[in-house]
There are 2 protein chains.
Amino acid sequence: MRDNNEMPGHLARRFQQIAVAVFLAEVEEAGFDLTPVQYAALSAISTNPGVEQVTLAGLIAYDRTTITGVVDRLVQKGFLLRHPSSRDRRARELKITEAGKRTLRAITPAVEAAQRTMLRGLTAKEGTELMRLLRKAIAAGNDLSRAPLRNAELR
Amino acid sequence: MRDNNEMPGHLARRFQQIAVAVFLAEVEEAGFDLTPVQYAALSAISTNPGVEQVTLAGLIAYDRTTITGVVDRLVQKGFLLRHPSSRDRRARELKITEAGKRTLRAITPAVEAAQRTMLRGLTAKEGTELMRLLRKAIAAGNDLSRAPLRNAELR
DNA sequence: TACTGATAATCAGCATGCTGATCAATATCA
DNA sequence: TGATATTGATCAGCATGCTGATTATCAGTA
């Protein structure tokens with residue numbers, strides 16, 4: 001059998017494992033309690049106020065069933081408001097609160113630091129190249145997962 | 001805020017998400033029901049018969065508390081045996097069964113196919129380079145997660 | 001308008017993956 | 001030896017992330 005280090009799937013799992021650990025450590029160090037997934041959701045809602053849950057899911061490539069719990073917890077923390085949409089009574093519109101905005105601003109340096117830390121073994125050029133290759137592989141595989149990335153305008 | 005596509009953490013999550021989806025699809029297509037994590041454990045135990053759980057965890061960089069459930073399910077499926085160690089009564093020695101060996105052999109082509117599929121957007125050279133960069137980044141960040149990779153001999 | 005199909009959100013159920021705790025057994029050292 | 005620390009496995013609790021189902025609503029069409 002091939003060595004683990006020759007298996008892209010294993011390497012993907014390890015890199016993601018480290019990325020999450022680094023993110024949580026940096027964020028906790030900064031005095032916050034927010035997961036990578038919660039951060040991505042909060043950030044996307046801040047950029048797209050009033051977005052519906054299903055659109056949000058597409059924006060950051062979450063499964064639609066996962067988003068319910070993530071939004072629940074962000075609402076619980078007082079960072080989000082979830083209203084029924086007036087346009088479509090099935091949908092829920094998401095808006096960031098003032099507390100959410102403050103947290104998002106305050107946490108940004110820690111998030112940036114985490115992104116640097118998870119690439120700390122690479123030169124700047126290698127880091128750029130890794131991101132390019134990941135983007136390319138992801139683009140080709142986008143529709144292979146149940147939660148593909150979707151452009152908001154295309155919906 | 002930085003675009004998601006410039007965040008290594010986001011790219012790591014997406015790539016891992018696609019890798020798991022591809023793995024499960026290929027394996028199911030081949031008529032098997034095994035997760036990436038279960039496959040890695042089974043494979044490692046096959047190569048290291050009689051390994052203890054904590055050593056196994058280090059070999060494939062699992063958290064020690066995760067391994068209990070994974071091994072439970074593999075025992076349930078009849079692919080593993082878990083005996084108390086005679087050397088150390090706290091420890092459990094893991095051995096692969098004949099059924100486990102057969103499944104491991106039979107599933108290998110699907111696993112290999114999955115590794116190719118998750119890199120299908122890249123040239124061969126790019127795929128190799130992506131794996132090199134991931135290995136390098138992982139090596140530098142190994143100790144940042146609670147479940148670092150550990151060499152069996154070094155324990 | 002009534003029917004049909006699609007869609008948004010949610011849910012139950014299951015598998016990772018973590019934190020922090022507990023328990024039993026082992027190792028270390030005064 | 002005896003006290004202390006460490007270690008292997010497990011557990012409770014929580015958050016992702018998926019499959020497949022359900023419910024309410026909407027959209028298109030006969």
Side-chain angles (χ1 to χ4, degrees), chain A residues 9 12-14 16-25 28 33-41 51-58 60-77 82-94 144-148 150 155, chain B residues 9 12-14 16-25 28 33-41 51-58 60-77 82-94 144-148 150 155:
Chain A
R13 187 181 69 83
R14 276 298 282 144
Q16 151 76 356
Q17 186 181 42
I18 291 167
V20 171
V22 166
F23 184 100
L24 292 174
E28 191 195 351
D33 172 30
L34 212 64
T35 67
V37 163
Q38 289 167 12
Y39 170 79
V51 70
E52 297 175 7
Q53 285 188 193
V54 65
T55 307
L56 170 64
I60 47 188
Y62 286 15
D63 189 86
R64 66 180 193 280
T65 62
T66 303
I67 211 104
T68 299
V70 173
V71 169
D72 276 352
R73 286 179 281 277
L74 287 170
V75 169
Q76 197 64 36
K77 289 178 179 182
R82 171 162 46 185
H83 302 299
S85 163
S86 50
R87 231 181 6 81
D88 181 342
R89 277 184 297 166
R90 292 169 303 180
R92 304 278 178 274
E93 287 181 358
L94 303 172
L144 300 180
S145 86
R146 173 163 131 161
R150 289 189 198 290
R155 298 195 71 254
Chain B
R13 187 181 69 83
R14 276 299 280 143
Q16 152 75 356
Q17 187 180 43
I18 291 167
V20 171
V22 165
F23 184 100
L24 292 175
E28 192 195 350
D33 172 29
L34 211 65
T35 67
V37 163
Q38 289 167 12
Y39 170 80
V51 69
E52 297 173 8
Q53 286 188 192
V54 65
T55 307
L56 171 64
I60 46 186
Y62 285 17
D63 189 87
R64 65 181 194 281
T65 63
T66 303
I67 211 104
T68 300
V70 174
V71 168
D72 276 351
R73 286 180 281 275
L74 286 170
V75 169
Q76 197 64 34
K77 289 179 178 181
R82 171 162 47 186
H83 303 298
S85 163
S86 51
R87 234 182 2 84
D88 182 342
R89 278 182 296 165
R90 293 170 301 181
R92 304 278 179 273
E93 287 181 358
L94 303 173
L144 301 179
S145 86
R146 172 163 132 162
R150 289 189 199 291
R155 296 194 73 251

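Computed from heavy atoms alone, side chains included, the values below leave out hydrogens, waters and symmetry copies.
Distance alone, capped at 3.5 Å, places no donor-acceptor pair between the B:Gln53 side chain and the B:Val71 backbone. B:Glu52 places no side-chain N or O within 3.5 Å of a backbone atom of B:Ser85 that could act as its donor or acceptor partner.
Rounded to an integer number of Å, the gap from NZ of B:Lys77 to C1' of C:dC14 is 11 Å. Going from atom CZ of B:Arg92 over to atom C1' of C:dT26 covers 14 Å, rounded to whole Å. Here C:dG17 presents its P atom at 14 Å from CG of A:Leu24, a figure rounded to the nearest Å. Rounded to an integer number of Å, the gap from CZ of B:Phe23 to P of D:dG17 is 19 Å. When the P atom of D:dG13 is taken as reference, atom CG of B:Asp63 falls 18 Å away, rounded to whole Å. Taking atom NE2 on B:His83 and atom P on D:dG8, their separation rounds to 20 Å, with Å as the unit. Between B:Leu34 atom CG and C:dT16 atom P the separation is 9 Å, expressed in whole Å. The CG-P distance, from B:Leu56 to C:dG17, rounds to 13 Å in whole Å.
Contact annotation: B:Arg82 side-chain N/O to D:dT10 OP1/OP2 distance is under 4.0 Å. Taking 4.0 angstrom as the limit, B:Arg13 places none of its side-chain polar atoms (N or O) nearer than this to OP1 or OP2 of D:dA15. Close to D:dT16, at under 4.0 Å from its OP1 or OP2, lies a side-chain N or O of A:Gln38.
The 5' end of DNA chain D is approached more closely, in terms of each residue's nearest nucleotide, by B:Arg64 than by the other of A:Val70 and B:Arg64. For B:Asp72 and A:Gln16, each mapped to the nucleotide of DNA chain D holding its nearest heavy atom, the one lying further toward the 5' end belongs to B:Asp72.
In this structure, of C:dT16, D:dA9, C:dT10, it is D:dA9 that holds the atom nearest to the side chain of B:Ala91. Side chain of A:Gln17, nearest nucleotide from D:dC18, C:dG17, C:dT10: C:dG17. Comparing C:dT16, D:dA15, C:dC18 by their nearest atom to the side chain of A:Thr35 picks out D:dA15. The nucleotide whose nearest atom lies closest to any side-chain atom of A:Arg73 is, among D:dA15, D:dG20, C:dG17, D:dA15. Considering only the side chain of A:Thr68, C:dT10 comes nearest among C:dG17, C:dT10, D:dG17.
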**Per-nucleotide protein contact string for nucleotides 24-29 of chain D (B base, S sugar-phosphate only, - none; heavy atom under 4.0 Å)** = BBS---
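A:Thr65 comes within 4.0 angstrom of a base, heavy atoms only. Within the nucleic acid shown, B:Arg146 comes within 4.0 Å of at least one base atom, counting heavy atoms only.
The line from NE2 of A:His83 to CZ of A:Arg92 is 11.5 Å long, rounded to the nearest 0.5 Å. Summarising the geometry, atom CD belonging to B:Glu28 is positioned 12.5 Å from atom CG belonging to B:Leu34; distances are rounded to the nearest 0.5 Å.
A:Val37 and B:Arg13 get closest at one heavy-atom pair: CG2-CD, 4.3 Å. Nearest heavy atoms, A:Leu144 versus B:Ala21: O-CB, 3.4 Å. Of all non-hydrogen atoms in B:Tyr62 and B:Ala41, the two that sit nearest each other are OH-N, 3.9 Å.
Neither side chain, A:Gln76 nor A:Arg73, offers a donor N or O lying under 3.5 Å from an acceptor on the other.
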